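None of these values were measured; they are calculated from a predicted model.
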Amino acid sequence: MKPPETLFTPRAPAPTGPFAPARRAGNLLFIAGQRGIDPATGQLAGPAIEAQARQTLENLKAIAEAAGGSMQTFLSTVVYVTDMKAHRPAVNRLYEEYFGPHPPTRTIVQVSALNQDDIVEIEAVVMVPG
């Protein structure tokens, strides 16, 4: 068996700390928590949940595609929001838009704070070609 490998793509933001954006082990890709950062500017996509959550999903998509996966091969996600009541409806709408009728499993958790005052972060496990 091949040892796990680290994956980087310029289509997603570079990590802001000492961690890999994604690690591949066999057919599984583990994607670190992605935020609403536009990789072209290094800045948040906007102040609203819709903009940040959409960019977060675009970043996840870019990493999955760089490894040969797609939105249809996501297995599981964990979504972190700073305000469940305010942010969950927008996350749900975008989740349906990006994943369609066969979404991955999901856990959504309210947290008191995220890195750099972000309001949403999503981590994922994706199946990729082996």
Side-chain angles (χ1 to χ4, degrees):
M1 181 193 263
K2 271 175 63 174
E5 59 185 313
T6 300
L7 177 81
F8 292 92
T9 178
R11 293 179 46 217
T16 58
F19 60 90
R23 296 275 288 166
R24 180 183 182 149
N27 286 35
L28 295 178
L29 180 67
F30 298 85
I31 303 177
Q34 293 298 301
R35 300 159 41 214
I37 296 174
D38 181 336
T41 65
Q43 302 296 313
L44 283 174
I49 184 62
E50 289 83 3
Q52 287 189 33
R54 181 174 298 283
Q55 185 63 57
T56 299
L57 288 161
E58 286 294 327
N59 294 341
L60 289 165
K61 179 180 173 185
I63 294 169
E65 288 176 349
S70 70
M71 296 308 281
Q72 290 73 42
T73 63
F74 274 64
L75 300 174
S76 183
T77 64
V78 179
V79 179
Y80 303 94
V81 294
T82 56
D83 185 332
M84 185 75 72
K85 192 176 273 190
H87 302 325
R88 188 171 179 267
V91 168
N92 283 347
R93 281 191 305 277
L94 288 165
Y95 212 80
E96 287 182 297
E97 177 184 328
Y98 276 81
F99 293 112
H102 304 289
T105 65
R106 180 184 83 182
T107 300
I108 187 166
V109 180
Q110 181 172 309
V111 296
S112 62
L114 290 166
N115 192 28
Q116 298 175 325
D117 295 325
D118 291 341
I119 57 177
V120 62
E121 184 169 328
I122 304 174
E123 64 180 81
V125 179
V126 182
M127 187 183 316
V128 294

Checklist entry - Of the non-hydrogen atoms in G100 and P103, which two are nearest, and what is the gap between them? => result O-CD, 3.7 Å
Item to check | Nearest heavy-atom neighbours spanning A51 and A45 | outcome: O-CB, 3.6 Å
Checklist entry - Counting distance only, does the side-chain N/O of Q34 pair as donor-acceptor with the main-chain N or O of L60 below 3.5 Å? => result no
Checklist outcome for this item: One should read off an interatomic distance between L28 CG and M127 CE, to the nearest 0.5 angstrom, of 7.0 Å
Checklist entry - In Å and rounded to the nearest 0.5 Å, what is the CG to CD distance from L94 to E58? => result 10.0 Å
Checklist entry - Considering all heavy atoms of both residues, which atom of S76 and which atom of P104 are nearest to each other, and what is their separation? => result N-CB, 3.6 Å
Item to check | Stepwise side chain to side chain contact (heavy atoms under 4.5 Å, CB included) check, I119 with D83 | outcome: CA-CA 8 Å; I119 57 177; D83 185 332; over 6 Å; no
Checklist outcome for this item: By ring-ring contact (aromatic ring centres under 6.0 Å, His included), F30 pairs with (sequence neighbours left out) none
Checklist outcome for this item: Residue pairs passing the side-chain hydrogen bond (donor to acceptor under 3.5 Å, both in side chains) test with at least one member in residues 117-130, sequence neighbours excluded, are R35-D118, Y80-E123
Next on the checklist: Testing the basics here: between L29 and A67, what is the closest heavy-atom pair and its distance to 0.1 Å?
Outcome noted: CD2-CB, 3.7 Å
Item to check | Worked check of side chain to side chain contact (heavy atoms under 4.5 Å, CB included) between Q110 and H87 | outcome: CA-CA 10 Å; Q110 181 172 309; H87 302 325; over 6 Å; no
Item to check | Separation between CE of M71 and CG of L57, rounded to the nearest 0.5 Å | outcome: 5.5 Å
Checklist outcome for this item: Residue set satisfying side chain to side chain donor-acceptor pair (under 3.5 Å) with T77, at least two apart, ordered chain then number -> Y95
Checklist outcome for this item: Partner of V79 under side chain to side chain contact (heavy atoms under 4.5 Å, CB included), picked from V109, I108, T56, is I108
Next on the checklist: Quick one, I37 and L44 - any side-chain contact, counting heavy atoms below 4.5 Å?
Outcome noted: yes
Item to check | Close side-chain approach of E50 and R93, heavy atoms under 4.5 Å | outcome: yes
Item to check | Side-chain donor or acceptor of T105 paired with backbone N/O of L75 under 3.5 Å | outcome: yes
Checklist entry - Is there a path from Y98 to I31 through hydrophobic residues (I, L, V, M, F, W, Y) whose side chains come within less than 4.5 Å of each other? => result yes
Checklist entry - Hey, any chance V78 and V125 share a hydrophobic cluster, counting ILVMFWY side chains that come within less than 4.5 Å of each other, even indirectly? => result no
Checklist entry - Within a strict 4.5 Å, meaning less than it, do heavy atoms of the P15 and F8 side chains meet? => result yes
Next on the checklist: So which atom in P10 and which in P39 form the shortest heavy-atom distance, rounded to 0.1 Å?
Outcome noted: O-CB, 3.9 Å
Checklist outcome for this item: Tightest non-hydrogen contact, residues I63 and A12, listed as CG1-CB, 3.6 Å
Checklist entry - Are a donor atom and an acceptor atom from the side chains of N59 and Q55 found within less than 3.5 Å of each other? => result yes
Item to check | pair N92-R106: side-chain heavy atoms closer than 4.5 Å | outcome: yes
Checklist entry - Can you tell me if CZ on R88 sees more than 12 non-hydrogen neighbours from other groups inside 6.0 Å? => result no
